[in-house]
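Below: one structure, written as structure tokens.
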Amino acid sequence: MAAPQTQPPPPPLARPVTSLWGVGNERAAQLARLGIVTVEDLLRHRPRRYEDRRNFWPIQDLRLDEAALTRGSVLALGTKTYRKGTKSVFELILDDGTGRLHCRWWNLPFMEKYFAVGDEVIVFGKPLSLRPRTMDHPETEVVEGGEESFIHFNRIVPVYPLTEGLPQRWLRGLLWRTLERQLPKTDHPRPTAGDGLHLIPRAQAIRWLHFPEAKDEAELARQRLALDEFMALQRDIQLRRKKFEANARALPCGGDNRLIKPFLTALGFALTDAQTRVLREIRADLRGAHPMRRLLQGDVGSGKTAVAACTALMALESGFDVVLMAPTEILARQHHRNFQGWFEPLGVSVEFQTGGRKTISLKPETSDVQHHASRITHHGSLVIGTHALIQEGFRLPKLGLVIIDEQHKFGVAQREELVRKGRYPHLLVMTATPIPRTLGLTLYGDLDISVIDELPAGRGSIKSFIRASDRLPKVWEFLRQQLAAGRQAYVVYPRVEDGGPGAMKAVTKEFEKLKAVLAPFRVGLVHGQLRSQEAEQVMAAFRANAVQVLLATALIEVGVDVPNATVMLVENAEAFGLAQLHQLRGRIGRGAHESYCILISDAKQPESRERLRVLEETNDGFRIAEADLKLRGPGELLGQRQSGMPPLRFGDLITDLELIRQARDLVAGELQ
Ligand code: ADP
Ligand code: MG
């Protein structure tokens with residue numbers, strides 16, 4: 001294996017900015033506020049945008065609400081104060097011979113000292129009125145003569161993020177001089193279509209980043225520098241993986257079918273083709289030389305639990321113990337009940353482990369059936385629990401497989417911690433949150449990915465609607481019809497967990513209201529502040545249809561499986577993320593009946609409405625995840641803290657799929 005070809009930066013670039021001509025302590029302190037400490041930091045300070053100063057709009061041609069670049073000389077200026085001097089407006093009137101432009105700044109009286117009558121000023125902004133032509137808070141730069149004016153004019157110029165006291169012009173000048181003096185000149189031909197981006201030398205990219213000569217050079221530069229970032233990320237991921245494969249030998253967990261066969265026979269449905277394909281991939285891993293590290297992605301309702309069960313059986317058949325973890329106790333208990341029903345007839349012990357107990361017994365319970373089975377065959381046990389399983393005190397010497405359900409609720413660190421409890425058990429992580437491909441290659445780059453891309457047949461469809469709260473009476477009426485037809489419903493109310501006593505009161509009030517509106521149908525209430533026993537009682541009543549409506553917080557977002565429930569009503573839907581709403585909607589449409597997801601929202605902001613409309617338009621979790629990623633960014637989708645991603649300065653996780661692939665392949669070549 002060749003050493004990775006990391007190029008250490010040439011020493012001059014590592015020097016502090018104070019080594020540059022014209023940068024004293026005051027400027028250095030300002031630059032430090034922008035995260036610029038070394039010369040290299042300065043060279044990597046990314047322009048916020050570019051201005052094409054080869055073309056200015058005549059003032060008379062400015063259009064309403066359209067951002068444009070123009071210039072003129074200062075005709076008059078002044079500051080007016082009002083409200084006893086507490087408020088002020090500074091106004092600058094420019095003239096370019098074709099017309100006049102009024103520029104206004106509110107409550108920034110010091111602006112006045114930057115300008116003088118007769119100054120030539122460049123302005124970038126949006127006219128908010130044409131009579132008179134007016135811009136509020138435009139960006140400006142006073143034109144100064146002198147030898148450096150060619151840096152700021154007759155070219156595409158960079159516009160940088162600034163900090164108080166740091167002038168745009170000064171920073172631009174500093175960058176120009178630094179590029180001239182500190183960066184080796186390379187005159188590289190422009191790449192033609194088909195050339196790989198990595199062919200542009202980095203120095204060239206840095207030049208183009210700051211002073212592109214054509215519009216596309218800035219974007220080419222960004223891509224080249226993004227490639228560096230993605231390659232650094234890939235080196236991390238691929239080296240970690242290589243190290244893991246060199247050190248970790250797999251436990252043989254492929255099984256021999258003796259438990260799976262009777263399990264599938266008793267299951268009551270045939271696996272879908274997608275489930276079967278995924279199980280083949282998993283079995284190959286469990287028989288392979290390295291421990292499995294696999295992410296199983298399947299939309300809500302695609303049947304991940306059955307896949308988990310078969311996977312568990314393979315390890316159990318091989319004589320190893322298995323742990324299954326879920327993010328909420330409700331879901332863990334549901335799994336416990338299901339797996340008990342499936343596995344105990346096969347003679348496999350299924351334990352439930354809560355946070356309270358320190359150790360667990362792994363002896364099979366001594367019912368007759370079990371005794372009989374475990375005397376003939378030798379196999380491991382299954383332990384089911386929540387996050388608490390990761391906590392100290394939990395030991396399982398023969399742990400062969402760890403399954404984590406609904407991974408997006410678990411952090412990367414937690415996942416690693418659990419794995420350290422045993423000797424490199426196999427790991428299967430399951431999630432209904434579709435992973436956009438860019439994240440699959442970065443954030444989840446150390447996992448293999450399997451996808452269940454097919455839902456079991458015979459499901460009723462789900463229709464989704466957005467309604468304003470003044471339509472609630474109609475919605476209640478509809479709900480009563482569904483209940484009268486024998487169906488059940490969820491009503492979800494946001495923010496109880498973190499809302500304090502006020503929020504709790506609001507939910508209790510909502511609960512009373514709902515009971516009154518829906519009587520004689522019965523309503524149950526679950527929220528995160530209930531003791532687990534109480535929550536379990538309510539869930540049991542709902543499963544048994546002794547309670548028809550479940551008022552809940554987002555707690556029930558994951559996993560809950562009650563096929564007779566056909567309505568999901570979400571109040572204040574705008575308070576939830578898209579992925580979360582899609583999860584909630586996944587609680588319905590699990591039986592053969594038509595299902596209805598009703599999102600109540602009075603949100604007026606166009607972004608909120610656009611977000612909710614995505615749900616109205618599609619049931620495809622993959623499209624929803626990509627929309628969520630676009631609208632809210634990767635941090636929101638995955639939880640900033642647990643994402644474990646270094647911040648990207650040039651790379652873009654939404655658009656850079658091709659670059660990420662290129663980086664992966666280049667690094668794989670490097671590490672051969
Ligand atoms: P999820 O992938 O969201 O965890 P579940 O595993 O809870 O989905 O499965 C949803 C429902 O579909 C369950 O009631 C399960 O029994 C059922 N199911 C799973 N696989 C199949 C299948 N191949 N055919 C019919 N029903 C299935
Ligand atoms: Mg599930």
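What you see is a predicted model; the values in this text were computed from it and never measured. Atoms within each ligand, like the ligands themselves, are counted from 1 in listed order.
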Worksheet item: What distance separates D405 CG from K304 NZ, expressed to the nearest 0.5 Å?
Response: 7.0 Å
Discussion item. Once rounded to the nearest 0.5 Å, what's the spacing between atom SG of C310 and atom CH2 of W342?
Written reply: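 So the SG of C310 and the CH2 of W342 are separated by 8.5 Å.
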When you check the gap from the basic side-chain N to the acidic O, do [X] and [Y] get nearer than 4.0 Å?
X	Y	answer
D321	K398	no
E607	R611	no
R543	E536	yes

Worksheet item: Hey, does the side chain of E534 reach the backbone of R531 with a donor-acceptor pair shorter than 3.5 angstrom?
Response: yes
Worksheet item: Are any of the N or O atoms of A306 closer than 3.5 Å to those of ligand 1?
Response: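 No, since none of the N or O atoms of A306 sits under 3.5 Å from an N or O of ligand 1.
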Item to complete: Could you tell me whether some N/O pair between G298 and ligand 1 is separated by less than 3.5 angstrom?
Response: no
Discussion item. Please work out, at 4.0 Å between heavy atoms, whether the side chain, the backbone, both, or neither of A270 comes within that distance of ligand 1.
Written reply: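 For A270, only backbone atoms sit under 4.0 Å from ligand 1.
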Worksheet entry | Side chain, backbone, both or neither: R590 near ligand 1, heavy atoms under 4.0 Å |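 Answer for R590: side chain.
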As an exercise, identify every atom of ligand 1 less than 4.0 angstrom from a heavy atom of [X].
X	answer
Q275	19 (C), 20 (N), 22 (C), 23 (N)
T305	4 (O), 5 (P), 6 (O), 7 (O)
T272	23 (N)
V300	3 (O)
L271	23 (N)

Worksheet item: Does the ring centre of Y493 sit less than 6.0 Å away from the ring centre of F511?
Response: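 Not close enough - the centres of the two rings lie 6.0 Å or further apart.
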Worksheet item: Does the side chain of L286 reach to within under 4.5 Å of the side chain of T311, using non-hydrogen atoms?
Response: yes
Fill in: Residue-ligand contact S302/ligand 1, heavy atom below 4.0 Å
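It does, in that a heavy atom of S302 comes within the 4.0 Å cut-off of ligand 1.
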Worksheet item: So, does A308 sit close enough to ligand 1 that a heavy atom of it is under 4.0 Å from the ligand?
Response: no
